[in-house]
Structure formats: structure tokens, C-alpha cells
Engineer: 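I have a structure I would like to understand better, so I am pasting it below and will then ask my questions one at a time.
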Protein chains: 2
Amino acid sequence: MTTINDIAKLAEVSRSTVSRYLNSNGYVSEEAKKRIMKVIEETGYMPSQSAKSLRTKKTGVIGVILPKISTETASRVVSGINKVLQQNDYQMLLTTTSQEHKKEIEFIRLLQSRNVDGILLLATNTEKPLIDAIGNATVPIVALGQDIPTISSVIYPDYLATGEMIEYMIQKGYQHIGFIGVEEYDPAVGIERKRAFVDTLTKHQLKVNKDWIMQGDFSIESGYNSMKSIINSGSDRPDAVFAVTDQIAVGAMQFLKEQQIQIPNDIAIAATGASRLAQYIEPSLTVIDFLNEEAGAIAAELLIEELTGTKAIKKIIHDYRLLVRNSV
Amino acid sequence: MTTINDIAKLAEVSRSTVSRYLNSNGYVSEEAKKRIMKVIEETGYMPSQSAKSLRTKKTGVIGVILPKISTETASRVVSGINKVLQQNDYQMLLTTTSQEHKKEIEFIRLLQSRNVDGILLLATNTEKPLIDAIGNATVPIVALGQDIPTISSVIYPDYLATGEMIEYMIQKGYQHIGFIGVEEYDPAVGIERKRAFVDTLTKHQLKVNKDWIMQGDFSIESGYNSMKSIINSGSDRPDAVFAVTDQIAVGAMQFLKEQQIQIPNDIAIAATGASRLAQYIEPSLTVIDFLNEEAGAIAAELLIEELTGTKAIKKIIHDYRLLVRNSV
DNA sequence: TTATTTTAAGGAATCGATTCCATACTCTGC
DNA sequence: GCAGAGTATGGAATCGATTCCTTAAAATAA
């Protein structure tokens, strides 16, 4: 492999001069520039980033920690992150925890030893060990999807949006509303969305029926099984169900279809998450769209800001919209 | 930041000893080990990868070049790659060309300057500049999705699988089959799938109607517009259409539904790509499943093999299966 | 014409690891 | 009691860049 020394020798200058040329700082004569340029062209020389970052303490790499890559939400977020990073000449080192949320801590350490300039964390919890790991980090970390007190975060308005959706359902005349959620270690998805559901029903003096509140994981199967439990519970059927993700909703709809239960006439369904699947399934799903790609981009911008100066902790409550379709 | 020198000083040994301890090679006494361990524990020291890889010429990072991240196919492939890399203690540097296929060359260079140990290329063309860039590369590259002659490749059996699907449609009684494809710079998707279509019809003495052969891009909209053109073309309607991706098929189905054309009774639809959308759309889509996650894993394994010895060029024709559902 | 600034370029230290080599001590076995 | 093997450790060179400092020539000002 050609190094800066080879280039220096071939161009008959010192390696300091080559370095000055490469970084366009300091003085380099036109003659020298031409010779260096020519030699670089001929040899196809590319500076070693390892050497460079050993000196400069910058790698131009941002670490991204995801729970899972193969979901539409995740890939949209990554797409948004990628756009911004690429525009700013950063590369993305992607790691996934496969939903094992203790791994988030492990990866924060790992990424730092890889000398990333910053970390984007799509967090699934806000427990103490994680907060501690973040506190001990020597590089800026920005959270996406959870409000982590000690660092800048891009937060989805889970409570607000879910509340609005439930309001919309009530306004449409549904009075017996069920809920399919996930475990509560996840404050944003597990707790906030459920709290909004309960609060909104209560506000309208509607009964919160425990038999219609299910807790599963993020899978389609989980949605299917949860809906099955709701239907097979002793109590009456609900006339509407809110699912915390569109995947869960798809599973739930699947069960209803098998049982010949009409959506939305017998039971209406709403959810969070604007996947193409939610859009093209029948009936098309009424959902909250958290504009994930944009959220990813904003988080990346926030991180880059921190990398280039401003150290203030910023909290951005990201935008959302209701996509009213045919399932409610 | 703490360095190996700090550890050496604090543990009262030389930095050679610390290094030997870290890499568990050479002699280190139990006493020394304990002291070093303790100091590392206390300081939270993590060795600098930049320094390490400057010496060893290994970064433990694999570059991945994708056309686009936010498709289900891509994210499945990435998921498979990620699994294997993580098992082997490699990290993944992800880049996307946003479907600008000249960028593939740029990224091959960029990733090398980042000193990646190897590159996984989800190629969309096999043109000379790309082949040249691959030839000039100093790290192993494995291709996925296209057969690139000079390097190991994991290849989808595009011709075979498409042929089998068309056979299946013919066997089901369809005689007037249309085709929605993509541009032909992409040999695998653009050329092979079309060739299989034409060959299979010809083999069965069926007419290949030019009005029913469309060329678009990979989007849902493109599928919608292509189907519109087919229906609005002067000639009779086809009784079945094959789309080269499930996204395209979804768009095509959308148009048919709007026109109250029954699927599969009036027109049957088949495609390539086993997305969840294809599974849950109505009618559920009969597709070729190229088992993308597995393909990604195999490509990653192939690359790791090359990294640890064997230099032979391997070609793996990946498995596939037909998922017979309700759209044909 | 001399003093000062600007331009140009090389030398050497440095970043944080790894690794080869030399040195020294402790055991065995004869 | 001594040769030779095994164990333990430190010194120094090295990887490929950046960057500060010094020197020197050229350009400008006084």
C-alpha cells in the first residue's frame, strides 16, 4: 500500500508538504501541488484513516445503536440518519442489539473503543445502568425515541399523539376501546402510550376494561395472540382496539379476519406506525405517523451540532400526524 | 483519555507487558496480571482501535454498500449480514448509494481509505468501471445479487426462479402474460428475469406481447403506472402479469383494484420478493422468495472466509422457493 | 539598500498501540 | 554446580499520518 512517505519521495517533497497539500492548510507552491497531484493520481493513493485519526482524534464515524434493523420503522430512521451523515462526510457504524436491551451498554463501550466521534442511540429503556454508561461516555450521545435526561434527545410525542388518536376514536363513536401494548421497561412505547390511552378514556368517563388490555412484544404474532385473548376473554367484545405498533395491529387484524369479524364495523383498529404495510393492508390502517425518517435526520443533525461546538442539551419533541384511513 | 501508557505506569509495568496481557500472548506473571486487571477496571480503559489498527493493519470493520436501506429486502439482507459479522466480532460500516450506481465505485475507494478489512457489495450493475474498481481494490470484496466474474459472489437464481414462476402461471392456465421490469443496466433484475419470462413463454408457444412488457423503476408508483399502461394499451388485456419486485406488484395491484379488476380472476399477479406487505396484502401475493436474510449471512460468511485464509473465488447460487398464495 | 513580511518546505516529535529483541531470573536435570 | 530451558519484563522501533518549529528564499516596504 502506498503511504504518504511514498508520495513524498515520488513527488520529491517532504511528507509535511504532502500533508499540507492534502489538508489544504499551510503553504504549498503550485509546482509542488502539481507534482503531488500527479503522483497521487498515478498511485491511487488514499490516506490511512487509522493513522490520521490516531493523530487527530477524529474518525469521521458515527456509531448507531438500534434494537433491530429489519423493521420498517428502523430502516426509515436509519435512512434519515444516513442522509444527514453522508452530507456531512460522516460514515455510519451500525450495531443492533437484537432487542436485548442490556447490549446497549455494551455497544456504547464498544463504539467508543472504535473511536467513533459520536453515538446515536435508538433507546428502548431509560434504566440506571444505561444512564450511567451514557454518563461515563467520552463522546457525545444523542438519544432517539426516549427522553434520556442527561443528553440531547429527539422524542416522539407518544402521550400526545396517542391521546389524540384515542380522542378521534371516541369522537367517531367508539365507547369500548381495547389496547394492545408492550412491556413497560420501554417508557415511550410501553408506558406513555398506555397512560395516554387510560387517561383519555377516563377523561371521557369511559370504562377501562382490564380484559381488553394486553401486553405482548413487537411482533405480528403477538398482535394476533393478543387480539385472540381479547376476543376470547369473558367480557363483551370491544368495539375498537388501539395497538402501539402497526405490526401488532396487522396481527390483530389477521385474527379478526379469520373470525369473520368486520373491520371497522364490528371492531375498529388504530395503531402507531406508518409502514407501507399499514397503508396497503385492507382495510387500510388509521395510524399515527411519527415521520421516522425525518426524526432520524434531526437526531443526526443534533449530534453533528454537538460535534461542532454547542454543548447545550436539547430536547426536540418531534412532529407527528394522524393518517386517517379506513380501519376506524 | 487513558492510554496503555497510563495503565503501564499505574500498574508499575512496561507497556509491552500491558499489551501482552491485553492480547494474551507472551509471558505475564500472575502478579502483573492482577495489577493490570485492577487498573483497567478502575480506569475503564479501552484500547484505541486507531492505534491498534495502524500497527496491525486490521480494523475489524467490514464495509457494506447498499443501493438503498429503506426497503424490506435491503434491511433483511443487512440483518443477515449483521448477525454473522457480530458473531465474528466484526463491525459493519454501512453506506448507501441512493441508487446512483456510479457511487458504488466511489464507496469502494472510500471504504478502503477507512481501512475496512473487507467489503460486501450489493451490486446493481456489472459495468466495466465497477469491475475495474473491484480489481484495483486491496481488500477482499464479495458481491451479493449480481455475478461479478472476478470475485466471490452470492447470486440469486433469477433466471431459474422466474422461469419456474412463469411455468407455474402457465400451468395454472394463464396464456396471456405481461411483464413489468426495470432498466437493463441491472443484469440480474433487469435482464435475467426478463429473459426467463420471454424464454418460458416462447417454450410454450405463447405470444410475447410487446404492449404488455413495461419497464419502470423499483417503486410502487412505477408499478401502478406500468399496469395502467398495460391496461390502457391498444391490445387486449393480459390475464396475468409478472412483476420483478413485490413493490412493483403492489403498485400494479393498486391500479387494478381502483379499476375494479379482480385479482386473480380477471388478472393474476405474481412477483419476486417476500416482504410482509406481499404476505398481508389482499389477495396475498404469490411470490418468489429469495431468502434474503440467509443470502446476506452467506455473503458475510464468504467474506470472513476470505479474510481468514482461502483465497479461492466462490460462486454460490442461493436457494429460493415459490410462495404460492392467492394472487395467481 | 536594508528591514520586514510573506511564501515555501523540511525536520522532528507525536498519537497509542504492537512486536521483536535483549536481558535476567528461576527451575530442572545431570 | 552448571548448562540449557522456560518464564518474565522492559527497551526500542514501527505503523502512517499531523503539526509545531526552524530555516531560507522571495517579495514588499521603508
Side-chain angles (χ1 to χ4, degrees), chain A residues 1-37 39-40 43-61 89 109-117 138-139, chain B residues 1-37 39-40 43-61 89 109-117 138-139:
Chain A
M1 241 210 20
T2 51
T3 73
I4 197 171
N5 287 304
D6 304 330
I7 303 299
K9 243 168 245 159
L10 289 169
E12 295 176 303
V13 293
S14 75
R15 74 162 161 278
S16 332
T17 305
V18 177
S19 177
R20 259 176 270 130
Y21 167 81
L22 288 172
N23 299 287
S24 5
N25 56 20
Y27 295 108
V28 182
S29 67
E30 285 306 317
E31 332 278 289
K33 272 186 192 165
K34 267 188 199 114
R35 290 206 307 277
I36 296 170
M37 203 157 57
V39 172
I40 288 180
T43 54
Y45 163 75
M46 298 233 73
S48 152
Q49 274 291 332
S50 304
K52 185 169 183 153
S53 62
L54 176 58
R55 261 311 306 239
T56 61
K57 308 277 164 227
K58 305 225 164 305
T59 54
V61 173
D89 287 322
R109 287 183 60 95
L110 180 82
L111 288 172
Q112 286 186 89
S113 88
R114 291 230 175 261
N115 304 303
V116 297
D117 292 346
T138 55
V139 300
Chain B
M1 238 208 24
T2 51
T3 73
I4 197 170
N5 287 305
D6 303 329
I7 303 299
K9 242 169 248 159
L10 289 169
E12 295 177 302
V13 293
S14 75
R15 72 163 163 280
S16 331
T17 305
V18 178
S19 176
R20 258 177 270 129
Y21 166 82
L22 289 171
N23 298 286
S24 3
N25 56 22
Y27 295 109
V28 182
S29 66
E30 285 306 317
E31 329 280 290
K33 272 186 192 166
K34 269 190 198 111
R35 290 207 307 276
I36 296 171
M37 205 154 56
V39 172
I40 288 180
T43 55
Y45 163 74
M46 296 232 75
S48 151
Q49 274 291 331
S50 304
K52 184 169 183 155
S53 62
L54 176 58
R55 262 308 306 237
T56 61
K57 309 278 164 225
K58 305 224 164 307
T59 54
V61 174
D89 286 322
R109 288 182 59 97
L110 180 82
L111 287 171
Q112 286 186 86
S113 87
R114 293 231 173 256
N115 305 304
V116 297
D117 292 345
T138 55
V139 299

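Here the structure is a predicted model, which means the values were calculated and not measured. Letters A, B, ... mirror the listed sequences (proteins, then strands); counts begin at 1.
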Engineer: If we count only N and O atoms by modelled type, under 3.5 Å, do the side chains of A:Ser50 and B:Ser53 hold a donor and an acceptor together?
Structural biologist: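 The answer is yes; a qualifying pair exists.
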Engineer: Looking at NZ of B:Lys33 and CE of B:Met37, how far apart are the two atoms once the value is rounded to the nearest 0.5 Å?
Structural biologist: 9.0 Å
Engineer: Whole angstroms only, please: what is the CZ-C1' distance between B:Arg114 and D:dA17?
Structural biologist: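 After rounding, the gap between these two atoms is 14 Å.
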Engineer: Between D:dT14 atom P and B:Arg15 atom CZ, what is the distance in whole Å?
Structural biologist: 14 Å
Engineer: Indicate whether OP1 or OP2 belonging to C:dA9 is found under 4.0 Å from a side-chain N or O atom of A:Thr17.
Structural biologist: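 No, outside the criterion.
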Engineer: Would you kindly give the OH-to-P distance between A:Tyr21 and D:dT19, to the nearest whole Å?
Structural biologist: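 The distance from OH of A:Tyr21 to P of D:dT19 comes to 18 Å, rounded to the nearest Å.
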Engineer: Measure from CG on A:Asn115 to P on D:dA17 and round the result to the nearest Å.
Structural biologist: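 So the two atoms are 17 Å apart, to the nearest Å.
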Engineer: Strictly below 4.0 Å: does A:Ser48 bring a side-chain N or O up to OP1 or OP2 of D:dG16?
Structural biologist: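 The answer is no; no side-chain N or O of A:Ser48 sits under 4.0 Å from OP1 or OP2.
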Engineer: Measure CD1/B:Ile7 against P/C:dA17 and give the value in whole Å, please.
Structural biologist: 9 Å
Engineer: With a 4.5 Å heavy-atom cut-off, do A:Tyr21 and A:Val13 have their side chains touching?
Structural biologist: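 No, every pair of side-chain atoms sits at 4.5 Å or beyond.
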Engineer: Is the distance from OP1 or OP2 of C:dA9 to the nearest side-chain N or O of A:Ser29 less than 4.0 Å?
Structural biologist: yes
Engineer: Determine the contact category for B:Ser19: base if any of its heavy atoms lies under 4.0 Å from a base atom, sugar-phosphate if only primed atoms, P, OP1 or OP2 are that close, otherwise nothing.
Structural biologist: base
Engineer: Which part of the nucleic acid does B:Ser16 contact within heavy-atom distance under 4.0 Å: base, sugar-phosphate only, or nothing?
Structural biologist: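 The answer is base, as B:Ser16 lies within the cut-off (heavy atoms under 4.0 Å) of a base atom.
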Engineer: In whole Å, what is the span from the CD atom of B:Glu31 to the C1' atom of C:dT26?
Structural biologist: 14 Å
Engineer: D:dT18 P sits how many Å from A:Lys57 NZ, rounded?
Structural biologist: 14 Å
Engineer: Heavy-atom nearest nucleotide on DNA chain D for B:Val28 versus B:Ala51: which residue maps closer to 5'?
Structural biologist: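 Residue closer to the 5' terminus by nearest nucleotide: B:Val28.
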Engineer: Look at all strands and tell whether B:Asn23 reaches a base, only sugar-phosphate, or nothing, counting heavy atoms closer than 4.0 Å.
Structural biologist: sugar-phosphate
Engineer: Grab the OH-P distance between B:Tyr27 and C:dA22 for me, whole Å please.
Structural biologist: 17 Å
Engineer: If I take atom CD1 from residue A:Ile4 and atom CD1 from residue A:Ile7, how far apart are they, to the nearest 0.5 angstrom?
Structural biologist: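 Nearest 0.5 Å value for the CD1-CD1 distance: 8.5 Å.
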Engineer: With respect to the phosphate group of D:dG10, does any side-chain polar atom (N or O) of B:Ser14 fall under 4.0 Å of OP1 or OP2?
Structural biologist: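 Indeed, a polar side-chain atom of B:Ser14 lies that close.
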Engineer: Under 4.0 angstrom, heavy atoms only, what part of the nucleic acid is B:Val18 near: base, sugar-phosphate, or nothing?
Structural biologist: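 The residue B:Val18 makes no contact with any strand.
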Engineer: In the structure I gave you, are the side-chain heavy atoms of A:Asn25 and A:Arg20 within less than 4.5 Å of one another anywhere?
Structural biologist: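 Contact flag for A:Asn25/A:Arg20 side chains = yes.
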Engineer: With hydrogens left out and only the distance checked, is there a donor-acceptor pair under 3.5 Å joining A:Arg20's side chain and the base of C:dG10?
Structural biologist: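 It does, because a donor-acceptor pair links the side chain of A:Arg20 to the base of C:dG10 below 3.5 Å.
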Engineer: Tell whether A:Arg55 reaches the base of C:dG16 with its side chain through a donor-acceptor pair below 3.5 angstrom.
Structural biologist: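 Per atom types, no contact qualifies.
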